[in-house]
Amino acid sequence: MKIILFGAPGVGKGTQAVVLSNELQIPTIATGNILRAAVKEGTQLGLAAKEIMDSGALVPDDIIIGIIRERVAEEDCKNGFILDGMPRTLAQAKALDEHGIGADVVLSFEMADELIKQRLVGRRTCKECGDTYHVVNNPPKKENTCDKCGAELIQRSDDMPETVENRFKVFNQNMAPMLEYYKTRGILHTIDADHPMQDVTDNVLRVLNSIEQSTAAERN
Ligand code: AP5
């Protein structure tokens, strides 16, 4: 199954992607993580992306589409994948379909912007492995230390208040045409993200199971 996790910055897409990837045994492709890795490595892509990301704007569509096409061609994507953070524009959504890598299902995570911002303010990210925590909702076992690899937890540079405002503005400008596009294709499903993490996961799995069941029934 090819799944798109869609929603505002900080709504919980990345958190759910980790769980779903384990549960469904398909990889997650998170464009933000790919770009942050490039920034860390100081590659040409990283140098170009850093300033854009720190301003809260979007990296150009052609760069993102190129990254995704290359990544989904890898062997581990042959049974499906989870896209986290892509598409961000209608052009990206259409490009996925044009290149034959469009999704079977789009899960749109929804929650009030003001509540999401509280999640972003408290988010802490491992500076080595990128694992994500929250100071209140999902604290690490040892303060400021990643449970997985023991490295220091930091606040993402684009989680600063001014950048967060711009990320929301950009998201809200692009959101409606993409939702309409996927609604018309009949693959859009809404997830209420304003629940504890496990409840959101349970709800997502319920939606995916029911899609699989109806697809199987249509086949028979
Ligand atoms: P990206 O990394 O994709 O950031 P984003 O979409 O803004 O999403 P986030 O990673 O901020 O949030 P999330 O929804 O994954 O939330 P999380 O699970 O961490 O993109 C960064 C930048 O890269 C963009 O601004 C852009 O510049 C560029 N970029 C990336 N993709 C691009 C593209 N396709 N095109 C162009 N440019 C692109 O959760 C947030 C916090 O809440 C965490 O602390 C978590 O622990 C907590 N939390 C999660 N779920 C719950 C819950 N249910 N209850 C309580 N707390 C929760």
Side-chain angles (χ1 to χ4, degrees), residues 4-21 28-40 45-46 48-69 71 82-96 107-113 115-126 130-140 146-147 153-160 162-175 178 191-204:
I4 286 174
L5 304 185
F6 183 84
V11 74
K13 306 177 297 292
T15 301
Q16 294 302 324
V18 172
V19 185
L20 288 178
S21 182
T28 293
I29 305 171
T31 39
N33 290 350
I34 293 172
L35 294 169
R36 277 185 291 279
V39 170
K40 200 170 159 200
L45 167 65
K50 167 119 181 80
E51 205 176 318
I52 299 174
M53 293 170 80
D54 282 348
S55 74
L58 295 179
V59 172
D61 289 337
D62 55 336
I63 295 181
I64 297 292
I65 293 160
I67 291 174
I68 293 296
R69 288 185 70 192
R71 179 64 185 89
I82 299 165
L83 285 184
D84 165 13
M86 199 281 179
R88 294 287 245 269
T89 62
L90 186 58
Q92 291 182 15
K94 287 183 174 170
L96 289 175
L107 301 173
S108 174
F109 291 78
E110 297 187 1
M111 183 168 149
D113 285 2
L115 296 176
I116 304 178
K117 286 176 192 168
Q118 290 166 19
R119 288 188 180 174
L120 282 179
V121 169
R123 171 162 63 185
R124 296 294 179 271
T125 307
C126 175
D131 220 19
T132 298
Y133 299 84
H134 189 279
V135 288
V136 178
N137 304 332
N138 182 27
C146 178
D147 291 351
L153 302 183
I154 53 165
Q155 193 162 20
R156 255 169 58 175
S157 55
D158 62 348
D159 280 350
M160 300 304 161
E162 323 79 63
T163 311
V164 164
E165 286 307 323
N166 200 34
R167 285 164 67 199
F168 271 84
K169 197 168 135 210
V170 170
F171 175 76
N172 288 324
Q173 277 164 353
N174 286 291
M175 173 183 74
M178 278 187 285
I191 303 290
D192 182 355
D194 188 12
H195 292 286
M197 293 172 194
Q198 184 59 54
D199 293 359
V200 177
T201 305
D202 292 346
N203 193 12
V204 167

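Owing to the predicted nature of the structure, the values given are computational and were not obtained by experimental measurement. All ligand and atom numbering here is 1-based and tracks the order in the structure.
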Beyond-backbone contact of R124 with D159, side-chain heavy atoms, under 4.5 angstrom: no
Point-to-point distance, once rounded to the nearest 0.5 Å, from CE of M178 to CD1 of I4: 9.5 Å
Derivation and outcome, side chain to side chain donor-acceptor pair (under 3.5 Å), residues Q198 and D202: CA-CA 6 Å; Q198 184 59 54; D202 292 346; 2.9 Å; yes
V11 backbone acceptor or donor facing R119 side chain under 3.5 Å: yes
Residues D113, K169: salt bridge by 4.0 Å N-O rule: no
I'd like a table of the close N/O pairs between ligand 1 and the protein (anything under 3.5 Å), one pair per line with both atom names and the distance.
from, atom 1, to, atom 2, distance (Å)
ligand 1, 2 (O), R36, NH1, 2.9
ligand 1, 2 (O), R36, NH2, 2.9
ligand 1, 2 (O), R156, NH2, 3.4
ligand 1, 3 (O), R88, NH1, 3.1
ligand 1, 4 (O), R156, NH2, 3.3
ligand 1, 6 (O), K13, NZ, 3.1
ligand 1, 6 (O), R88, NH1, 3.4
ligand 1, 6 (O), R88, NH2, 3.1
ligand 1, 7 (O), R167, NH2, 2.6
ligand 1, 8 (O), K13, NZ, 3.3
ligand 1, 10 (O), R123, NH1, 3.1
ligand 1, 10 (O), R156, NH1, 3.0
ligand 1, 11 (O), R123, NH1, 3.1
ligand 1, 11 (O), R123, NH2, 2.6
ligand 1, 11 (O), R156, NH2, 3.3
ligand 1, 11 (O), R167, NH2, 2.6
ligand 1, 12 (O), G10, N, 2.8
ligand 1, 12 (O), R123, NH1, 3.3
ligand 1, 14 (O), G10, N, 3.4
ligand 1, 14 (O), V11, N, 3.3
ligand 1, 14 (O), G12, N, 3.0
ligand 1, 14 (O), K13, N, 2.9
ligand 1, 14 (O), K13, NZ, 2.9
ligand 1, 15 (O), G14, N, 2.7
ligand 1, 16 (O), G12, N, 3.3
ligand 1, 18 (O), G14, N, 3.4
ligand 1, 18 (O), T15, N, 2.8
ligand 1, 18 (O), T15, OG1, 2.5
ligand 1, 19 (O), R123, NH1, 2.7
ligand 1, 20 (O), R88, NH2, 3.3
ligand 1, 27 (O), A57, O, 2.6
ligand 1, 31 (N), T31, OG1, 2.7
ligand 1, 31 (N), G85, O, 3.3
ligand 1, 31 (N), R88, NH1, 3.4
ligand 1, 34 (N), G85, O, 2.9
ligand 1, 34 (N), Q92, OE1, 3.0
ligand 1, 35 (N), Q92, NE2, 2.9
ligand 1, 37 (N), V59, N, 3.1
ligand 1, 44 (O), Y133, O, 2.7
ligand 1, 53 (N), R119, NH2, 3.4
ligand 1, 53 (N), H195, O, 2.8
ligand 1, 53 (N), M197, N, 3.4
ligand 1, 54 (N), R119, NH2, 3.2
ligand 1, 56 (N), N137, ND2, 2.9

Set of residues satisfying salt bridge (charged side-chain N to carboxylate O under 4.0 Å, His left out) with respect to K50, sequence neighbours excluded: D54
